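So the structure is just underneath, and the comments pick up after that.
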Amino acid sequence: MSLHFTKMEGAGNDYVYVDGTREHIPAEEKPELVRKLSDRHFGIGGDGVIFINPGRKADFEMEMYNADGSRGEMCGNGIRCVGKYVFDRGMVTDREFTVESFGQVHSLSIMELDENRKAAVLRVNMGKPILKAELIPVKADTEEVVDAPIAVDGEMGYRMTCVSMGNPHAVVFVDDVDHFDVAGIGPMFEHHERFPKRTNTEFVQVVDRSHVKMRVWERGTGETLACGTGCCASAVACILNGRTEDTVEIQVLGGRITITWDRASGEIFMTGPAREVFTGEYDD
């Protein structure tokens, strides 16, 4: 099998992109293909694979998979790269268009172009955060989980705020994120019995009321350099806990992403970079 692909990244969150309008892969073959393509030693390497398909409810569809071959509901950095892909190739002519992911439609805007008139910075309407515990989902005795204790590895010292941005997140505030054991603690949250569908976990250090630092353990992938939905969930958690204003710049390992929670509409807006790294052909 010969497969054309494009490698792209948003704030270091890198995926292999396959143009599903031209490449047709049977659904049952995708999980194994994703695992092969994502492998950083024997494949192309990435946090997962995203197929860019014709849209049913929007201009295009983003079909996103984690590196382990599991299907993901949403990827904030990934959807910006999808937007760049279709804009740069003339698949859309306007600077505003729509992309659906797991049945949810998101509006995208091209905010900045580079010197070659290619998309460089994009803004995405990420929709409204889901705070109801059973819909996230997280097992809880309360309707919402805000600054709630959780026992991890026998320790009761952790407190979490749970948010869904189409996928589940647990946000944990820490004093020193740079030296936090993300690789050790992250998997314990991901596979904790309180998360029926596993969870992404963000470890957040508040710098001031407009800036935070965040590291993320992504469900099905591990620690990544950035997570767009995780940035959204982190901003929501910061605001709910009274730690920041409604617009927050989030420093991740791969760059900076700005999140605004429009309290009037209830919608989250994410603004950040998207970059094409290289294209190629994969032979299996």
Side-chain angles (χ1 to χ4, degrees), residues 1-56 58-89 91 99-104 106 108 119 122 124 126 165-168 190 197-198 200 216-230 252-254 272-284:
M1 178 187 69
S2 181
L3 180 73
H4 294 278
F5 71 89
T6 301
K7 182 71 177 290
M8 304 182 76
E9 59 90 8
N13 200 188
D14 62 330
Y15 285 83
V16 177
Y17 291 78
V18 176
D19 188 344
T21 68
R22 298 184 178 185
E23 306 281 350
H24 303 289
I25 311 298
E28 64 274 12
E29 296 180 10
K30 286 182 176 178
E32 179 60 25
L33 175 64
V34 166
R35 288 189 285 271
K36 289 181 178 180
L37 296 178
S38 302
D39 192 296
R40 295 189 184 275
H41 299 288
F42 299 102
I44 299 166
D47 293 329
V49 176
I50 291 176
F51 297 90
I52 304 171
N53 303 324
R56 291 167 292 181
D59 295 316
F60 294 92
E61 180 201 30
M62 177 178 77
E63 183 184 357
M64 175 257 180
Y65 289 82
N66 300 305
D68 66 356
S70 60
R71 180 75 188 274
E73 299 92 340
M74 179 56 179
C75 177
N77 293 311
I79 202 170
R80 292 201 314 275
C81 288
V82 169
K84 175 178 173 58
Y85 184 97
V86 299
F87 180 82
D88 289 356
R89 285 159 177 78
M91 298 165 72
V99 175
E100 64 181 284
S101 179
F102 224 77
Q104 298 298 311
H106 300 271
L108 279 71
L122 297 89
V124 184
M126 297 289 286
M165 292 302 306
N167 54 356
E190 178 184 355
K197 294 185 178 180
R198 297 185 292 164
N200 304 283
V216 58
W217 180 269
E218 289 202 54
R219 176 185 60 169
T221 300
E223 184 173 14
T224 61
L225 297 184
C227 175
T229 55
V252 293
L253 295 179
R275 187 174 72 94
E276 184 171 319
V277 183
F278 59 86
T279 61
E281 189 169 316
Y282 176 83
D283 292 316
D284 186 7

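In what follows, every heavy atom counts, from backbone to side chain, and hydrogens, waters and symmetry copies are set aside. Please read all numbers here as calculations on a predicted model, not as lab measurements. Sequence positions, counted from 1, serve as the residue numbers for this chain.
Separating the CD1 atom in Ile50 from the OH atom in Tyr17 is a distance of 3.5 Å, to the nearest 0.5 Å. Taking OG1 of Thr221 as the start and OH of Tyr65 as the end, the distance is 14.0 Å to the nearest 0.5 Å. Taken from CD in Glu29 to CG in Asp284, the straight-line distance is 10.0 Å, to the nearest 0.5 Å. Distance CG/Asp47 to CG/Leu225: 7.0 Å, rounded to 0.5 Å. Here Met8 contributes atom CE and Asn13 contributes atom CG; the two are 12.5 Å apart, rounded to the nearest 0.5 Å. The CD atom of Glu218 lies 10.0 Å from the CD atom of Glu223; values are rounded to the nearest 0.5 Å.
At least one donor-acceptor pair under 3.5 Å links the side chain of Asn200 to the backbone N or O of Pro168. With hydrogens and angles ignored, the 3.5 Å screen pairs no side-chain donor or acceptor of Glu281 with any backbone N or O of Leu3. Between the Asp19 side chain and the Thr21 main chain, a donor and an acceptor come within less than 3.5 Å of each other. Although no hydrogens or angles enter the test, the distance criterion places a donor-acceptor pair under 3.5 Å between the side chain of Arg219 and the main chain of Lys197. In this structure a side-chain-to-backbone donor-acceptor pair under 3.5 Å is missing from Ser70 to Asn66.
A salt bridge links Glu190 to Arg198: one of the charged nitrogens lies within less than 4.0 Å of a carboxylate oxygen. With respect to Arg56 and Glu61, a salt bridge is recorded, a charged nitrogen being found less than 4.0 Å from a carboxylate O. We find that Glu9 and Arg80 are not joined by a salt bridge, their nearest charged nitrogen and carboxylate oxygen being 4.0 Å or further apart. Using a cut-off of 4.0 Å between Lys/Arg side-chain N and Asp/Glu carboxylate O, Arg40 and Asp14 are scored as salt-bridged. By the 4.0 Å N-to-carboxylate-O rule, Glu276 lies too far from Lys7 to be salt-bridged with it.
Between Gln104 and His106, the shortest heavy-atom contact is O-CD2, 3.3 Å. When all heavy atoms of Gly46 and Ala67 are compared, the closest pair comes out as O-CB, 4.1 Å. Ala27 and Pro31 make their closest contact through O-CD, 3.5 Å (heavy atoms, listed as atom of the first residue, atom of the second, distance). Across all non-hydrogen atoms, the minimal contact from Gly10 to Ala226 is O-CB, 4.0 Å. Of all heavy-atom pairs spanning Gly20 and Asn53, the tightest one is CA-OD1, 3.4 Å. Pairing each heavy atom of Val18 with each of His4, the nearest pair is CG1-O, 4.2 Å.
Figure legend: Arg89 and Tyr85 shown as a cation-pi pair, the cationic atom lying under 6.0 angstrom from the six-membered ring centre and within 45 degrees of its axis. Phe51 carries Lys30 over the face of its six-membered ring, with the cationic atom under 6.0 Å from the centre and within 45° of the normal.
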Verdict with reasoning, Asp283 to Ser2, per side-chain hydrogen bond (donor to acceptor under 3.5 Å, both in side chains): CA-CA 5 Å; Asp283 292 316; Ser2 181; 3.2 Å; yes
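Side-chain contact of Asn167 with Thr229: a donor-acceptor pair under 3.5 Å is present, judged by distance alone.
Using a 4.5 Å heavy-atom threshold, the side chains of Ile44 and Phe278 count as touching. Residues Phe5 and Glu23 fail the side-chain proximity criterion, which asks for heavy atoms closer than 4.5 Å.
The residue from Glu73, Met74, Met64 that alone fulfils the side-chain contact (heavy atoms from CB on, under 4.5 Å) condition with Phe102 is Glu73.
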